[in-house]
Amino acid sequence: MTIESFLTDKFCKAIEKLYLQTIDINQIQIQKTKKDFTGDYTINVFPFLKISKKTPEQTASEIGNFLKNNLEEINSFEVIKGFLNLSFSDSFWINELNKTSEKTENTLTDSKNILIEYSSPNTNKPLHLGHIRNNLIGHSLSEILKATGNHVTKVNLINDRGIHICKSMLAWQKWGNGITPGKANIKGDKLVGDFYVLFDKEYKKQIAELLAKGKTQEQAENETVLILEVREMLRKWEAGDAEVRKLWITMNNWVYNGFEKTYKILGITFDKTHYESQTYELGKKEVYKGLEKNVLIKKDDNSICADLTDDGLDEKVLLRSDGTSVYITQDIGTAIMRKNEFYADKMIYVVGNEQNYHFQVLKLVLKKLGYDWHKNISHLSYGMVELPQGKMKSREGTVVDADDLIDEMFATAKSISDELGKLDGLSEVEKTEIVKMVGLGALKYFILKVDPKKNMLYNPVESIDFNGNTGPFIQYTHARIKSVLRKANEISLNVPEKVLENTEINETEKSIIKLIADFKNIISEAATELNPALIANYVYTLAKEYNQFYHDFSILKEENTDKRNFRLFLSSVTAKRIKDSMRLLGIDVPERM
RNA sequence: GGUUCCGUAGCUCAGUUGGAUAGAGCAACAGCCUUCUAAGCUGUGGGCCGCGCGUUCGAAUCGCGCCGGAAUCACCA
């Protein structure tokens with residue numbers, strides 16, 4: 001039971017006793033008391049004045065007195081206007097801290113079968129900062145949902161077919177001279193991406209030529225040699241042409257090898273990988289079935305559409321007039337395949353907010369096709385990462401490349417470490433490990449601390465900070481605590497498993513305990529809201545509070561044994577909380593830094 | 001133009017089931033290392049919470065209308 005529900009219950013009973021009336025527990029607003037006031041929890045008595053028929057102050061005082069007299073946990077209270085500020089006893093809080101040693105600490109409640117899709121790259125270009133955000137959110141959410149007891153399956157859906165991939169392939173055929181990632185000594189995704197850009201460059205040239213000959217923009221775009229060739233290539237691909245398929249497999253594998261390296265360094269993993277090329281045919285079948293059931297319509301030009309006008313949307317094409325599939329066709333197939341394969345209670349798609357409309361349509365189409373479970377699909381629509389000059393555009397070269405950014409983080413972490421001399425005396429292997437941990441910590445925290453739903457800004461000139469509200473700050477706090485605990489061990493001071501309830505504690509220590517006791521609430525909130533930023537904000541607050549404590553009070557030199565034991569225990573639990581929180585964000589914490 | 005989302009300190013972000021005096025970090029300035037890691041701690045300045053009207057005892061938070069920005073409205077993915 002949480003402290004809040006405990007208080008709600010007692011408050012209800014107090015009202016019943018005092019005013020002989022029952023109330024709806026939803027009327028009770030409990031919140032943590034603000035820092036400027038004395039108290040731990042605050043209850044607003046305004047809603048109950050009609051029942052008490054007294055002033056706010058009188059009502060709050062009466063209830064406060066009742067609670068204080070009837071609950072040993074409550075020590076004192078203060079009334080300011082309609083606010084009843086309740087203070088719990090120190091021993092209550094120490095007891096809360098002691099509970100962290102108990103096994104029941106990790107009791108989990110949810111047990112849904114959740115499938116989460118994230119990453120979902122195209123195989124025609126390397127990963128950039130936007131993909132990093134996607135991957136980090138997906139990974140973190142998976143961890144958070146697991147932490148609340150769910151069974152989670154992490155799935156990557158690779159967009160491995162379509163005209164955009166043919167563009168890279170065609171460019172390679174024409175101008176590649178048989179180059180491979182090995183010969184060029186670059187990552188495969190980079191090489192393929194270069195050819196994609198090259199195609200676009202040459203394509204634009206040809207458009208310009210046609211425009212000069214007096215064609216309209218639309219004509220020019222559709223009549224260049226390149227676009228005709230690439231469409232022919234796509235047609236061959238769909239027809240299973242051996243040569244095209246072979247090149248397709250080769251180039252896609254180059255890309256996968258490149259992605260693999262980036263995923264590995266970021267610590268991103270999947271339980272299952274799906275490929276669009278393997279699901280679009282199932283999607284097609286479903287569309288035909290829908291046509292037979294008369295829930296879809298066939299237009300005069302033979303294209304098949306869903307009429308969504310009743311839901312306030314337009315008609316949506318599901319199969320082209322030539323019978324080939326569009327993007328949403330495979331998503332229909334994929335969803336159905338997943339539902340059948342994983343018996344998912346819930347399917348979460350971590351996909352950018354630019355696809356909000358797509359998911360609205362997808363759900364409605366599945367509904368039309370008779371799949372009741374369409375309501376178990378949720379689109380975690382995350383915001384774009386923008387640059388000071390606006391959106392990243394791969395064709396204009398304004399993308400922040402994932403690998404480059406990661407390397408930059410490592411370099412910065414290294415130069416700061418060298419400058420501070422913090423890692424002197426460690427082996428090169430250890431140094432490298434810590435530098436990578438800190439560099440990644442900075443990057444991951446920078447991204448995850450922002451509400452996923454919101455667009456965020458990355459300024460390459462300012463880059464990512466290592467001081468203040470940052471990953472390294474939190475990692476540093478962990479390393480600091482570990483350092484104290486090592487020193488304690490050296491002088492044979494053991495961290496106790498529990499501490500005495502009557503130990504005298506100060507306000508800073510109490511604040512830390514309150515944060516520690518709040519951990520579970522935060523995790524379940526993050527799980528329901530699908531929001532890792534809540535964990536990030538939590539762990540930052542905890543680290544900040546601990547640093548103040550660390551600065552203001554001595555641990556090892558405290559002469560009172562009970563206090564010293566308490567502080568050692570508090571430090572140890574804080575380190576554990578920091579580590580656990582950061583793990584939920586996919587961030588490792590070092591023992592020293 | 002329709003739909004959806006966003007607008008909080010110079011900058012990046014918290015805070016929203018309506019509650020007390022709106023918080024952090026960065027940047028600026030001023031302090032704190034003979035004492036457990038200064039990637040730290042303390043302090044100063046900085047705000048018509050986009051604008052207006054409404055609902056309410058009470059609005060950054062809810063409603064309506066403006067203004068500004070983004071995404072989307074493809075037989076692209």
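Below, chain A is the first sequence line, B the second, and so on; all start at residue 1.
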Practice item. Mind checking A:Glu276 for me? I need base, sugar-phosphate or nothing, with any heavy atom below 4.0 Å counting as a touch. Key: sugar-phosphate
Practice item. Would you please indicate yes or no on a ring centroid separation below 6.0 angstrom for A:Phe549 and A:Tyr546? Key: yes
Exercise for review: Would you classify A:Phe466 as touching base, sugar-phosphate or nothing, given that sugar-phosphate means primed atoms plus P, OP1 and OP2, and contacts are heavy atoms under 4.0 Å?
Suggested key: base
Check your understanding: With a 6.0 Å cut-off on ring centres, are A:Phe473 and A:Tyr540 close enough?
Key -> yes
Check your understanding: B:G19 base stacked by A:Phe83? Criteria: ring centres under 5.5 Å, plane angle under 30°.
Key -> no
Exercise for review: Report yes if at least one side-chain N or O of A:Arg320 is closer than 4.0 Å to OP1 or OP2 of B:A74; otherwise report no.
Suggested key: no
Exercise for review: Hunt down the Watson-Crick or G-U wobble partner of B:U72, both distances under 3.5 Å, from any strand shown, or write none.
Suggested key: B:G2
Check your understanding: Can A:Lys514 and A:Asp518 be counted as an ion pair, charged N to O under 4.0 angstrom?
Key -> no
Point to revise | Sugar-phosphate only, base, or nothing, as touched by A:Leu457 at under 4.0 Å among non-hydrogen atoms | key: sugar-phosphate
Exercise for review: Compute the ring centroids of A:Phe11 and A:Phe48, then answer whether they are less than 6.0 Å apart.
Suggested key: yes
Check your understanding: Which part of the nucleic acid does A:Asn459 contact within heavy-atom distance under 4.0 Å: base, sugar-phosphate only, or nothing?
Key -> nothing
**Study point:** Backbone of A:Leu318 reached by a side-chain donor or acceptor of A:Thr329 within 3.5 Å
**Key:** yes
Practice item. Between B:G25 and B:A20, how far apart are the C1' atoms? Round to whole Å, please. Key: 25 Å
Review point. If you look at every strand shown and take non-hydrogen atoms under 4.0 Å, does A:Met456 touch a base, only sugar-phosphate, or nothing?
Key: sugar-phosphate
Review point. A:Phe473 near the nucleic acid: base, sugar-phosphate alone, or nothing, with a heavy-atom cut-off under 4.0 Å?
Key: sugar-phosphate
Exercise for review: State plainly whether the residues A:Asp36 and A:Lys34 are in salt-bridge range, i.e. N to O under 4.0 Å.
Suggested key: no
Point to revise | B:A74 OP1/OP2 closer than 4.0 Å to side-chain N/O of A:Lys316 | key: no
Exercise for review: Tell me the partner of B:A30, counting only Watson-Crick (N1-N3 plus N6-O4 or O6-N4) or G-U wobble (N1-O2 and O6-N3) with both under 3.5 Å; none if nothing fits.
Suggested key: B:U42
Review point. Of the candidate nucleotides B:U42, B:A38, B:C36, which contains the atom at the shortest distance from the side chain of A:Arg480?
Key: B:A38
Check your understanding: When you compare B:G52 with B:U16, how far apart are their P atoms, in angstrom units rounded to a whole number?
Key -> 24 Å
Practice item. Using a heavy-atom cut-off of under 4.0 Å over every strand shown, decide if A:Asp314 touches base, sugar-phosphate, or nothing. Key: sugar-phosphate
Review point. With respect to the phosphate group of B:C36, does any side-chain polar atom (N or O) of A:Lys482 fall under 4.0 Å of OP1 or OP2?
Key: no
**Study point:** ring centroid sep under 5.5 Å plus plane angle under 30, A:Phe46 with B:C57
**Key:** yes
Exercise for review: Report yes if at least one side-chain N or O of A:Gln355 is closer than 4.0 Å to OP1 or OP2 of B:U72; otherwise report no.
Suggested key: no
Review point. If we take the P atom in both B:C6 and B:G43, what is their distance in whole Å?
Key: 34 Å
**Study point:** Euclidean distance for P, B:C41 against B:A27 (whole angstrom)
**Key:** 13 Å
**Study point:** Syn or anti conformation of B:C33, syn meaning chi within 90° of 0
**Key:** syn
Review point. At under 4.0 Å, does any side-chain N or O of A:Lys34 touch on OP1 or OP2 of B:G15?
Key: no
**Study point:** Taking every non-hydrogen atom, the tightest pair across A:His478 and A:Ile578
**Key:** CB-CG2, 4.0 Å
Point to revise | B:C11: pairing nucleotide in any strand, Watson-Crick or G-U under 3.5 angstrom | key: B:G25
Review point. Any side-chain N or O of A:Lys449 less than 4.0 Å from the OP1 or OP2 oxygen of B:G25?
Key: no
Exercise for review: Could you tell me whether A:Gln360 contacts a base, only the sugar-phosphate backbone, or nothing, with contacts defined as non-hydrogen atoms closer than 4.0 Å?
Suggested key: nothing
**Study point:** Phosphate OP1/OP2 of B:A70 contacted by A:Lys454 side-chain N/O (<4.0 Å)
**Key:** no
Check your understanding: Contact class for A:Thr477 vs. all strands (heavy atom < 4.0 Å): base, sugar-phosphate, or nothing?
Key -> nothing
Point to revise | Any donor-acceptor N/O pair under 3.5 Å between B:A77 base and A:Asp331 side chain | key: no
Practice item. Look at all strands and tell whether A:Ser417 reaches a base, only sugar-phosphate, or nothing, counting heavy atoms closer than 4.0 Å. Key: base
Review point. B:G23 phosphate, OP1 or OP2: any side-chain N/O from A:Lys35 under 4.0 angstrom?
Key: no
Practice item. Answer yes or no as to whether B:A24 has its base stacked against A:Tyr540, where stacking requires a ring-centre separation under 5.5 angstrom and planes under 30 degrees apart. Key: no
Point to revise | Pair A:Glu232 + A:Arg235, salt bridge at N-O below 4.0 Å | key: yes
Practice item. Using the P atom as the reference point in each nucleotide, state the distance between B:C67 and B:C48 in Å, no decimals. Key: 22 Å
Review point. Between A:Asn469 and B:C26, is there a side-chain N or O to OP1/OP2 distance below 4.0 Å?
Key: no
Exercise for review: May I ask you to say what A:Asp311 touches in the nucleic acid, namely base, sugar-phosphate or nothing, with a heavy-atom cut-off under 4.0 Å?
Suggested key: nothing
Review point. For A:Lys453, which contact category applies under a 4.0 Å heavy-atom criterion: base, sugar-phosphate, or nothing?
Key: nothing
Review point. Which of these nucleotides, B:C36, B:U21, B:U37, is closest to any side-chain atom of A:Ile555?
Key: B:C36
Review point. Whom does B:C53 pair with, Watson-Crick or G-U wobble, provided both distances fall under 3.5 Å?
Key: B:G63
